[in-house]
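Reviewing the structure listed below.
In the text below, chain A, chain B and the rest are named by the order of the sequence lines, each starting its count at 1. These figures come from a predicted structure and were not determined experimentally.
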Protein chains: 2
Amino acid sequence: MPNIKKVAEHAGVSIATVSRVLNGQKTVSPQTRIKVEKAIKQLNYEPSILGRNLRNSETRLLLVLIPNISNPFYSKIINGIENTALISNYNILLCETDSNPEREKIYFDLARKKMADGIISMDPQVDKETLIEMAEKHSIIQCSEYTLNSSIPYVTIDNENAAYLAVKHLLSLGHSKIAFINSDVKFTYARQREAGYKRALDEAGIDAKSDWIYYSQELDFVNGQQAMKKFLNLDEKITAIFAVSDLLAIGALKEINNNKLSVPDDIAVVGFDKIEFSNMTNPTLTTIEQPMYKMGNIAAKMIIEKIQGKEVENVILDHELVIRESTLG
Amino acid sequence: MPNIKKVAEHAGVSIATVSRVLNGQKTVSPQTRIKVEKAIKQLNYEPSILGRNLRNSETRLLLVLIPNISNPFYSKIINGIENTALISNYNILLCETDSNPEREKIYFDLARKKMADGIISMDPQVDKETLIEMAEKHSIIQCSEYTLNSSIPYVTIDNENAAYLAVKHLLSLGHSKIAFINSDVKFTYARQREAGYKRALDEAGIDAKSDWIYYSQELDFVNGQQAMKKFLNLDEKITAIFAVSDLLAIGALKEINNNKLSVPDDIAVVGFDKIEFSNMTNPTLTTIEQPMYKMGNIAAKMIIEKIQGKEVENVILDHELVIRESTLG
DNA sequence: GTGAAAGCGCTAACAT
DNA sequence: ATGTTAGCGCTTTCAC
């Protein structure tokens with residue numbers, strides 16, 4: 001494999017000049033540039049980025065921490081991150097933690113060892129103390145899920161108001177027995193959405209029964225089905241469901257169908273995220289739209305600015321209620 | 001930031017000794033090892049991987065080329081790749097090409113510049129000539145989609161027989177007017193599956209009408225819907241659909257529902273891949289199961305062995321027909 | 001068992 | 001406009 005030195009010799013110039021040509025500096029005469037470019041072609045030379053990385057102590061890699069890539073919510077955000085990162089010549093180091101602290105450690109070590117220039121954390125399971133400690137020496141931003149009272153910048157939505165909006169919608173349709181499929185309240189977003197749910201019921205003068213809230217440890221379809229099974233066994237029948245994620249809502253919807261009940265006639269359902277599949281169910285799913293792609297764009301912009309040493313402000317993106325068949329009629 | 005030299009000074013040993021301790025070599029006396037470890041702790045030292053990368057000319061990064069991460073087929077495979085890669089201390093550089101040659105070039109350049117030790121290509125749109133040329137100097141394997149008559153190792157399934165199996169199933173249910181939603185025949189898998197479709201019809205003495213095949217440029221739900229719209233407008237009504245991907249099949253299913261037709265009574269539907277969504281539709285989708293996760297595992301194993309200079313054999317994984325409601329009764 | 005020193009491939013400060 | 005040189009942080013060969 002030819003290196004910069006070989007190219008320099010072949011072109012009859014110094015390695016500094018070759019480097020200048022490679023980096024497009026203007027202080028090279030046209031003739032010299034041509035000589036060098038010819039040598040590069042002839043030797044089929046490709047500059048190794050490893051030398052540059054060491055010299056510049058950067059890798060232009062962004063570590064992206066997610067629990068699971070199979071969740072469409074995250075894959076859409078990653079899509080947004082990548083498209084924006086590429087423009088600034090950054091690439092993505094994909095890190096699925098699988099909610100496993102050992103995996104998390106592996107990835108944080110990668111950052112500690114300077115294999116990545118910055119971290120975008122989307123993992124709600126992330127160890128907050130480690131994250132805060134890492135943030136002292138490394139560029140970190142949080143996306144979607146964030147840590148209250150830390151100084152780590154984040155981009156997210158207004159979870160409480162979004163949940164409030166969803167439940168208000170159900171209330172406006174005349175529902176009063178509204179169940180809620182939440183995830184673990186150790187997550188900021190889960191607490192905030194629960195607050196929104198409760199506030200809406202509260203304002204309507206409805207006493208939220210503890211039976212009406214199901215705390216799911218995971219976010220797969222099957223968990224939504226489990227939640228629904230529990231709700232269907234309640235003595236006092238609920239007439240509406242609000243789920244903290246579309247995947248859960250779709251699982252619930254499926255379970256309702258399996259029980260020969262009708263959505264929305266027997267039970268209305270509202271999800272959260274507006275993943276693409278939510279428009280393919282039968283009936284289609286009413287949901288809160290989160291701008292996942294845009295959130296990814298902004299997360300990428302933020303982390304790049306942070307790496308460049310700039311100040312970055314937190315960003316709260318808009319959400320929107322998308323009314324579809326699962327709450328119609 | 002402390003470096004290896006600082007640690008050496010602080011511990012009163014040479015740089016070489018610190019390096020030995022870092023790499024767990026046995027030729028270090030226990031006392032020295034303790035001294036060094038103490039210094040590492042006290043200085044809060046983290047070895048930079050950049051120096052090692054340069055020295056060893058490796059990054060332990062695997063470039064994973066996919067068209068789009070939002071397709072659950074790919075995210076599941078990536079899941080499998082990552083879990084296996086991690087065990088061997090490799091990480092994943094995520095590369096979404098968006099079927100854009102410019103993007104592809106960016107990523108190939110990353111490999112040329114030695115930012116990755118190997119490439120797993122899952123992108124059917126990949127430029128075959130570039131890929132073959134790259135394979136001369138770099139470790140490459142193909143996953144799922146592959147290039148016929150090239151020497152690039154691959155892991156995939158038997159597409160022709162899988163499609164044949166799907167169509168045979170429909171035939172056995174008495175269907176004779178079976179439409180096929182394919183993707184572009186410039187892809188190996190599309191040609192193979194079409195061959196399987198045609199072979200099954202042929203054996204049944206059925207003349208496959210050209211109207212019965214829809215070639216979709218993309219693989220989103222909406223493309224399945226478009227295909228179905230076309231089929232529904234045919235003079236001679238078809239009674240069954242086989243789609244080359246679950247996403248397309250689900251789109252078709254939705255369109256059938258939208259037209260107040262019943263699946264499977266009016267039209268039976270078979271998909272391909274067995275993505276998780278396929279069990280959440282109403283009715284649930286009959287589909288060909290591909291072992292995505294396992295395919296990822298094997299792809300990772302193969303590329304790592306290739307990087308180590310070992311010979312690797314092509315792998316053809318098993319597929320299976322999963323009969324569900326969309327072809328029941 | 002340990003240290004000195006070369007060198008991986010590159011960039012940039014400095015010199016000319 | 002171009003060359004010389006130091007050095008980024010590490011591993012490894014060779015000496016002792």
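- Proximity of A:Asn53 to the phosphate of D:dC8: no side-chain N or O atom is located under 4.0 Å from OP1 or OP2.
- The residue among B:Gly51 and B:Lys26 whose nearest nucleotide of DNA chain C lies closer to the 5′ end is B:Lys26.
- Taking 4.0 angstrom as the limit, A:Thr17 places a side-chain polar atom (N or O) nearer than this to OP1 or OP2 of D:dG3.
- Atom CD1 of A:Ile40 is separated from atom P of C:dG9 by 16 Å (rounded to the nearest Å).
- In this structure, of D:dT11, C:dT11, C:dT2, it is D:dT11 that holds the atom nearest to the side chain of B:Asn56.
- OP1 or OP2 of C:dT2 has at least one side-chain nitrogen or oxygen of B:Ser29 nearer than 4.0 Å.
- A donor-acceptor contact under 3.5 angstrom links the side-chain atoms of A:Arg20 to the base of D:dG3.
- One can place CD1 of B:Ile15 at 16 Å from P of C:dG7, the figure rounded to the nearest angstrom.
- At C:dG9, one or more side-chain N or O atoms of A:Asn3 fall inside 4.0 Å of OP1 or OP2 (strictly under the cut-off).
- Side-chain N/O atoms of B:Ser14 include one lying less than 4.0 angstrom from OP1 or OP2 on C:dG3.
- Minimum atom distance to the side chain of B:Pro47 is reached by D:dC10, of the listed C:dG3, C:dC10, D:dC10.
- In this structure, a donor-acceptor pair under 3.5 Å is absent between the side chains of A:Asn44 and B:Arg112.
- Going from atom CE of A:Met1 over to atom C1' of C:dG9 covers 13 Å, rounded to whole Å.
- A:Gln25 has its CD atom 12 Å from the P atom of D:dA1, to the nearest Å.
- The CD-C1' distance, from A:Glu58 to C:dC10, rounds to 12 Å in whole Å.
- From B:Ser121, atom OG reaches atom CG of B:Leu63 across 9.5 Å, with rounding to the nearest 0.5 Å.
- Phosphate proximity of D:dT11 to B:Ser19: present, with a side-chain N or O under 4.0 Å from OP1 or OP2.
- For A:Arg52 and C:dG9, the shortest distance from a side-chain N or O to OP1 or OP2 is not below 4.0 Å.
- Nearest to the side chain of B:Ala16, among C:dA4, D:dT2, C:dG9, sits C:dA4.
- If you measure from atom CD1 of B:Ile4 to atom P of C:dG3, you get 12 Å, rounded to the nearest angstrom.
- When the C1' atom of C:dT11 is taken as reference, atom CG of B:Leu50 falls 14 Å away, rounded to whole Å.
- Looking at the side chain of A:Arg55, the nearest of the listed nucleotides D:dC10, C:dG1, D:dC8 is D:dC8.
- The residue B:Ile49 sits apart from the nucleic acid: no heavy atom pair falls under 4.0 Å.
- B:Leu54 has its CG atom 17 Å from the P atom of C:dA6, to the nearest Å.
- The neighbour count for B:Lys294 NZ, taken as heavy atoms of other residues, nucleotides or ligands under 6.0 Å away, does not exceed 12.
- At a cut-off of 3.5 Å, with distance as the only test, no side-chain donor of A:Asn79 or B:Ser70 sits close to an acceptor on the other residue.
- A donor and an acceptor atom, one from each side chain of A:Thr59 and A:Asn53, are nowhere located under 3.5 Å apart.
- Counted by atom type alone, B:Ser144 and B:Tyr74 present zero donor-acceptor pairs between their side chains at under 3.5 Å.
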